[in-house]
Amino acid sequence: MAVAVFKINSVDYTSYILAGKLNWERNDIDGSSTNRALDGTMYRSRIAVKRKMTITCKRLSTEQLQSLAAALSPMFVDVTYLDPELGEVTKPFYSSQITSAAWGTVGGTTYWDSAQFSLVEK
């Protein structure tokens, strides 16, 4: 499965994503008046719908991983991606962590496996 587009602040990171590893979620944010009555009826006060993505990358060089980590470093970033409901969109997101494991060194370059991060819509 190929990702059609994935950019952070207009820089294209589509090629960094492991096939089939851009996981998308739609989350409802409910207001404080959301509750369930004694008879089981649900009363909702949806105040927003937000997206969340969890992304796993291909094996990356240290230079590539540093570039990605720097792109995710600001408090908020503009992400362009293919939303299965809305099509290609650009929205502000935040990321609070990025993880990876050192794979090994080849020809003086260290590579990292399975860099993973989440993005939550602002």
Side-chain angles (χ1 to χ4, degrees):
M1 178 174 122
V3 177
V5 62
F6 184 78
K7 296 178 182 180
I8 301 171
N9 290 333
S10 300
V11 177
D12 192 350
Y13 290 96
T14 307
S15 66
Y16 285 29
I17 299 174
L18 189 61
K21 293 298 181 175
L22 190 153
N23 297 309
W24 172 90
E25 296 177 37
R26 181 189 67 212
N27 294 301
D28 288 349
I29 308 298
D30 288 337
S32 60
S33 63
T34 296
N35 60 33
R36 194 171 290 278
L38 292 176
D39 68 358
T41 302
M42 182 68 174
Y43 295 94
R44 290 189 70 199
S45 172
R46 182 169 65 183
I47 58 174
V49 176
K50 298 294 181 177
R51 305 306 200 236
K52 178 181 178 184
M53 293 180 282
T54 304
I55 294 128
T56 304
C57 296
K58 300 174 184 178
R59 183 170 295 149
L60 301 175
S61 68
T62 298
E63 182 180 356
Q64 290 171 314
L65 185 56
Q66 287 173 334
S67 171
L68 179 60
L72 293 168
S73 184
M75 191 175 303
F76 297 104
V77 295
D78 288 328
V79 177
T80 302
Y81 69 101
L82 181 61
D83 186 295
E85 292 182 331
L86 305 174
E88 187 176 310
V89 295
T90 301
K91 294 180 174 222
F93 283 80
Y94 66 89
S95 178
S96 62
Q97 69 178 25
I98 181 170
T99 63
S100 191
W103 173 80
T105 302
V106 176
T109 300
T110 300
Y111 292 90
W112 301 79
D113 260 352
S114 303
Q116 188 174 38
F117 59 97
S118 294
L119 292 165
V120 180
E121 185 180 356
K122 178 179 175 182

Please list, chain by chain and in numerical order, all residues satisfying side chain to side chain contact (heavy atoms under 4.5 Å, CB included) with [X], sequence neighbours excluded.
X      : answer
Asp12  : Lys7, Thr14
Gln64  : Tyr16, Leu60, Ser61
Ser100 : Leu65, Trp112, Ala115

Partners of [X] by salt bridge (Lys or Arg N to Asp or Glu O under 4.0 Å), sequence neighbours excluded?
X     : answer
Lys58 : none
Glu63 : none
Arg44 : Asp28, Asp30

* To do: Check step by step if side chain to side chain contact (heavy atoms under 4.5 Å, CB included) holds for Arg51 and Arg26.
  => CA-CA 5 Å; Arg51 305 306 200 236; Arg26 181 189 67 212; 3.3 Å; yes
Among Ile, Leu, Val, Met, Phe, Trp and Tyr joined by side-chain contacts under 4.5 Å, find the other residues sharing a cluster with [X] and list them by chain and number.
X      : result
Ile47  : Ile29
Met42  : none
Tyr111 : Trp103, Val106

* Does CD belonging to Glu85 count more than 12 external heavy atoms closer than 6.0 Å? ->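 Above 12, so yes.
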Output side-chain donor-acceptor pairs under 3.5 Å for residues 66-80, partner residues at least two apart or in another chain, one line each.
from, atom 1, to, atom 2, distance (Å)
Ser67, OG, Tyr13, OH, 3.0
Thr80, OG1, Thr90, OG1, 2.6

Working to the nearest 0.5 angstrom, can you tell me the gap between [X] [atom1] and [Y] [atom2]?
X      : Y      : atom1 : atom2 : value
Met53  : Leu119 : CE    : CG    : 5.0 Å
Ser118 : Ile98  : OG    : CD1   : 10.5 Å
Glu121 : Lys50  : CD    : NZ    : 4.5 Å
Ser45  : Asn35  : OG    : CG    : 10.0 Å

* Asked: Do Phe93 and Ile17 share a hydrophobic cluster (ILVMFWY, side-chain heavy atoms under 4.5 Å, transitive)?
  -> yes
* Asked: Leu22 and Val89: same hydrophobic cluster, using ILVMFWY side-chain contacts below 4.5 Å?
  ->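 Shared cluster, yes.
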* Listed partners of Phe117 passing ring-ring contact (aromatic ring centres under 6.0 Å, His included), at least two apart ->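 Partners of Phe117 under the ring-ring contact (aromatic ring centres under 6.0 Å, His included) test: none.
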* Structure fact -> So ring pair (Phe, Tyr, Trp, His ring centres under 6.0 Å) across residues 19-50, not counting sequence neighbours, yields none
* Apply side chain to side chain contact (heavy atoms under 4.5 Å, CB included) to Cys57 and Gln116, showing your working. => CA-CA 6 Å; Cys57 296; Gln116 188 174 38; over 6 Å; no
* Asked: Under the 3.5 angstrom rule, does the side chain of Lys52 hit a backbone N or O of Asn27 as a donor-acceptor pair?
  ->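 It does not hold such a pair.
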